[in-house]
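Read through the structure below, which is laid out as structure tokens, and then see the notes.
Values below: every heavy atom of this structure, side chains too, minus hydrogens, waters and symmetry copies. Protein chains get the first letters and strands the later ones, always in sequence-line order, with residue 1 at the start of each.
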Amino acid sequence: MSSNNRYNPTEIEARWYEHWMKHNYFDSTPDEREPYSIVIPPPNVTGVLHMGHMLNNTIQDILIRKARLEGKNACWVPGTDHASIATEAKVVKMLREKGIKKGDIGREAFLKHAFEWKDKYGGIILDQLKRLGASCDWKRTRFTMEDKLSKAVIKVFVDLYKKGKIYRRLRMTNWDPEAQTVLSNEEVIYKEENAQLVHIRYDFEDSPGEGIVIATQRPETIMADTAIAVNPEDERFKDLIGRKVLIPLINRAIPIIGDTYVDIEFGTGALKITPAHDPNDNEIGERHNLEVIDILNADATLNEKARILVGQDRFEARKNIKKLLKESGNLVELEDYRTKIGRSERTNSVVEPRLTLQWFLSMKDFAETGLKAVKDKKVTFYPEHMWNMYYNWLNEDNIKDWCISRQLWWGQRIPAWYYGEHIFVAETAEEALAQARDKSANPDLSLHDLKQDEDVVDTWFSSWLWPITVFDGFETQDELKYYYPTNVLVTGWDIMFFWVARMIMAGYEWSEELLGTELIQAKGRQPFHDVYFTGMVRDNRRRKMSKSLGNSPDALSLIDAYGADGVRFGMLSSAAAGNDIIFDAPFDAETKQVRNESKLCEQGLKFCNKMWQALNAIKGWEVMDEPLNEDTALINAKAIEWFENKLNEVLSQLEDKFQSYRLSDALITLYNFIWNDFCSTYIEIVKPPYKKPIDRATLEQTIDFYEKLLTILHPFMPFVTEEIWHQLRERGEGEDCIVSTYPKAAAFDRELLKNVEKILDVVTKVRDIRAKNKIDKFEPLALFVEESDRSKALYAMEGLEAIIRKLAVLSSLEFTEEEVANSLSFLSTTENYYIEVDVSVDVEAELERLEGELAYAEGFVASVNKKLSNERFVNNAPTAVVEKEKAKLADGQEKIKILVEQINKLKN
RNA sequence: GGGCGAUUAGCUCAGUUGGUUCAGAGCACCUCGUUUACACCGAGGGGGUCGGGAGUUCGAAUCUCUCAUCGCCCACCA
């Protein structure tokens, strides 16, 4: 037909998604079938779909759809994460733009705004996933801060506290003196700035006027010093260890200690230790049991512990103390210096390291459990090498306790109530009150006397429960019993520590008490059997995609351009498990060219069109009910037999690839199978000649094959397959591709597949000769094949000869015992073929070609000979390998013989 | 500084337990072709010393060591 009959995804994709939703195909409830469950890595509730999500969710959708087609009870649970830091920052910003300050309106009012914001923007990303074709059970959509999930978080907190795994202690945190809040590391931006290193002499206590010089950027903190540290290897200072020096201006004595942390080369080689105001100093202080003296207020002014400059801001104090030191004679030098300064992402004020009371979860036991689960293959990582990274983080040398408190409001508030010095941790305020009354023996205490902790728990402290809480596992275990453990988790390796490891830990911690020992012994405690780590999607400079860089292509506009199927194809075909993929914006602004990555999406769209055209072809055939002529019957029967076997071969290959999550590979295999084997070969073989009909049996068989292909491809490209599925046959209610039956791989005849490959090689070579000699492609040619045991064996297989005749457009194919005069010849496997022509043969060109082939064959034989004449090879290699080599040698020698004969004949 | 990974065709990448002349795919490129489903196409074709070096082995893109370049993660410079 005409070129306007092209595949157009836009309208089709919307229609089928609606259709699937209407038929509730994505829904899952426990039944007698085998479950196949996946929980989505919940995207940030305020997030917008980006390429990482697309890749991630495409993979999950493929696995879920395949399971569904295989008759399993497929359950993909969607949802969003409240993402406390990111979301709170957004809401704060939104309020600030309206002139509202978070601190002014208070917790309750702020949360009201936040929930309004969430309700307004929270669903966007999930709707975008629908465009991609994600077949989530939307009725199960969860949110990490909804009531039920929050309740579970509190329950777990209390449980761990009772188990003695949660504790509270001082910790160095990033303090924003302007916002007066603790910042997470992610919220601190480090940039190089100009600074000054102040060299200060601390005099020995017993020998004034003599001392040790240190260098610091923060002279205003010397009043908080509790030691001077030198490297015990440092020849200059090692003898000083143990002596005492006086802090200038305030004359407090502090010891000189030895610690290998000190870099001999840097500064003066001596380091002042200020445990209250520097994270490293704090660690050193802990090692040496040093006192912690905090001289700063929350607003970064100096407090009375500083003894001098009290009430001054830290920067003002810095200026003034230099003056004082100069006057006292302790200032040795001022050195200009460039260094990285951390500033608050939100207020831009210089971040102050500050000791604050934080809640911690002891990780030692958890880490051990987490390591063991993966080591014992209860959880399998794909790709395997991710284990290294996992181990590196969880091993006992590196594991650190998890700080689970955050100084935010958007999140689950820590269930701890304070009454004086006492802390009461309980699921409700009433329970805490009861505890408090008990403890204080004061029955008149009321809720007003208790003060709840102001902080919330880290977001990951709710998402680590996700595989349990999405099934309401802490309340009722009916669903958990059926769906847990989930089959696979698909996520990026960047959150391996934050999320994956912790989910494994949580699974081991609670699944047994929730599900019972018996069930756990049968199914295991792990929250998922497999983890598929996707690569990070990066731009062409290998930077992570991020909104702030503006380097993420608009996912939805890509779908608009190439269709969801096209984009799914493009994403996947460039993404082997675990490897980062480079996926840039569709157009390169500099070169003004369409980028390679978009080409992959385009290729996906073209693939859709190819299948669409194949559909057109089949639908265009007229059908005849009478039997066919013998030749055609033979050809079609063989084509069908071949394709059936080929299909089984591909099915078993696909099975392997799915087993090892080589999805990219699977798609490419399928692409080649459909394009090359089905369209270019099978259809070309059975295609009726112009204006001639096809027999009903072959047509039915062809439609049947196509149907199977659609089912197999459906997980990867759901929309186009569903559309063609319905165009291919009349379908009744509920007869949809999405719920069709995935074909099972059966045994296949390797001999047959190999033989067909051989005859296709003959066809290619005839076509090549036509092209090179400008012979019309429709002019029937007479082809002769050299008679040999091999060629006789090949053509003994019925139908092959007829297929060659059809595909290569031959008038005849016959055996010959000798060379055919006036012919063009070629070699296929070990046999010579001759095409009879009446044009005169270009002897020169023919000789050149033959000599080329001869040189190749001789090289081949030489290399094999070399191998076989190596005694060590013959003695050490497995016999099968040696036999193969011998067969290769024989083949090669045979070829040479034929070629030499031909060359000689031409020369005479 | 600690850890992980990469380097294969002009570009983006496959290459699963070492074994066929095994060096592969897509895009790009070249030639030919619009009467027959498809120019979003068909039939053909060219193109790589597998980053360098050494080693193990009968045999290395594949295993070991080393050097070079690049990338990422974690920790950090008083």
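- Looking at heavy-atom distances under 4.0 Å, A:Glu384 makes no contact with the nucleic acid at all.
- Under the Watson-Crick or G-U wobble criterion, with both distances below 3.5 Å, B:A78 is left unpaired in every strand shown.
- Listed pair A:Lys687 / B:A37 meets the phosphate criterion, a side-chain N or O lying under 4.0 Å from OP1 or OP2.
- Look at A:Gln603 and you won't find any side-chain N or O under 4.0 angstrom from OP1 or OP2 of B:G26.
- Remark: the backbone N or O of A:Asp278 is not paired with any side-chain donor or acceptor of A:Asn282 at under 3.5 angstrom.
- Using P as the reference atom, B:U7 and B:A43 are 33 Å apart when rounded to the nearest Å.
- No side-chain donor from either of A:Thr491 and A:Tyr532 sits under 3.5 Å from a side-chain acceptor of the other.
- For A:Phe705 and A:Tyr682, the ring centers sit closer than 6.0 Å to each other.
- Using cut-offs of 30° and 60° for the angle between ring planes, the A:Trp675 and A:Phe607 rings count as parallel.
- Here the side chain of A:Tyr690 is nearest to one of B:C73, B:U35, B:G15, namely B:U35.
- Looking at heavy atoms from C-beta onward, A:Gln603 lies out of side-chain contact with A:Lys606 at the 4.5 angstrom threshold.
- Closest to the A:Met389 side chain, of the nucleotides B:A78, B:C41, B:C4, is B:C4.
- Taking atom C1' in both B:U57 and B:G18, the straight-line distance is 9 Å, to the nearest Å.
- Between A:Tyr706 and A:Ile618, the closest side-chain pair of non-hydrogen atoms falls below 4.5 Å.
- Here, B:U16 and B:U8 have their P atoms 16 Å apart, quoted to the whole Å.
- Using atom C1' as the reference point in both B:U20 and B:G5, the two lie 32 Å apart (nearest Å).
- Remark: the backbone N or O of A:Lys687 is paired with a side-chain donor or acceptor of A:Lys806 at under 3.5 angstrom.
- With a 3.5 Å ceiling on both atom-pair distances, B:G47 lacks any Watson-Crick or G-U wobble partner.
- In this structure, A:Cys679 reaches the bases: a heavy-atom distance under 4.0 Å links it to at least one base atom across the strands shown.
- Rounded to a whole angstrom, the distance from the P atom of B:U69 to that of B:U49 is 23 Å.
- With B:G5, B:C77, B:A37 as the candidates, the nucleotide lying closest to the side chain of A:Asn280 is B:C77.
- The separation between A:Asn609 atom CG and B:A37 atom C1' is 10 Å, rounded to whole Å.
- Candidate nucleotides B:C77, B:A14, B:A28 were compared by shortest atom distance to the side chain of A:Lys599, and B:A28 ranks first.
- Residue whose closest nucleotide on RNA chain B sits further toward the 5' end, between A:Ala617 and A:Lys657: A:Lys657.
- Distances from the side chain of A:Asn388 to the nucleotides B:C38, B:G3, B:G5 place B:G5 closest.
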Every protein N/O within reach of nucleotides 42-45 of chain B N/O, cut-off under 3.5 Å:
unit_1	atom_1	unit_2	atom_2	d
B:G42	OP1	A:Lys610	NZ	3.0
B:G42	OP1	A:Trp675	NE1	2.6
B:G44	OP1	A:Thr764	OG1	3.1
B:G44	O2'	A:Asp768	OD1	2.8

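- Summarising the geometry, the separation between CE on A:Met172 and C1' on B:A78 is reported as 14 Å, rounded to the nearest angstrom.
- Across B:A37, B:C4, B:A78, the shortest atom-to-atom separation from the side chain of A:Asn616 is found for B:A37.
- Here A:Arg770 lies out of heavy-atom contact (under 4.0 Å) with every strand.
- Side-chain proximity of A:Asn392 to the nucleotides B:C40, B:C72, B:G3 is greatest for B:G3.
- Comparing the same atom, P, in B:G48 and in B:G10 gives a spacing of 8 Å after rounding to whole Å.
- Across the protein-nucleic acid pair, A:Phe607 atom CZ and B:C41 atom C1' stand 15 Å apart, rounded to whole Å.
- Residues A:Ala270 and A:Phe497 each lie close to RNA chain B; by heavy-atom proximity, the contact nearer the 5' end of the strand is made by A:Phe497.
- Of the nucleotides present, B:C4 is the one that pairs with B:G71 by Watson-Crick or G-U wobble criteria, both distances under 3.5 Å.
- B:A54 and B:U17 have their C1' atoms separated by 26 Å, given to the nearest Å.
- Rounding to whole angstrom units, CE of residue A:Met496 and C1' of B:G3 are separated by 12 Å.
- Ring-plane geometry between A:Phe497 and A:Trp393 is classed as parallel, the angle between the planes falling under 30 degrees on a 0 to 90 degree scale with a further cut at 60.
- A salt bridge does not link A:Lys754 to A:Glu757: none of the charged side-chain nitrogens sits closer than 4.0 Å to a carboxylate oxygen.
- Across all strands shown, the partner of B:G33 is B:C41, judged by Watson-Crick or G-U wobble contacts whose two distances both fall under 3.5 Å.
- With both ends at atom P, the span from B:U62 to B:C77 equals 41 Å, rounded to whole Å.
- The distance from atom NE2 of A:His385 to atom P of B:A6 is 6 Å, rounded to the nearest whole Å.
- Listed nucleotides B:A78, B:G3, B:C38 differ in distance to A:Glu684; the shortest reach to its side chain belongs to B:C38.
- Atom P of nucleotide B:A37 and atom CD1 of A:Ile618 are separated by 12 Å, given to the nearest angstrom.
- For the 3.5 Å distance criterion, the side chains of A:Gln613 and A:Asn616 qualify, holding a donor opposite an acceptor.
- With a cut-off of 3.5 Å on both Watson-Crick or G-U wobble distances, the partner of B:G10 is given as B:C27.
- Of the candidates B:C77, B:C40, B:U35, B:U35 carries the atom nearest the A:Phe778 side chain, counting heavy atoms from C-beta on.
- Here the nucleotide nearest the side chain of A:Leu197, chosen from B:A78, B:G5, B:G26, is B:A78.
- Salt bridge annotation for A:Glu352-A:Arg218: present, with a cationic side-chain nitrogen under 4.0 angstrom from a carboxylate oxygen.
- The CD1-C1' distance, from A:Ile399 to B:G3, rounds to 15 Å in whole Å.
- Residue A:Asp281 contributes atom CG, which lies 12 Å from atom C1' of B:C77 at whole-angstrom precision.
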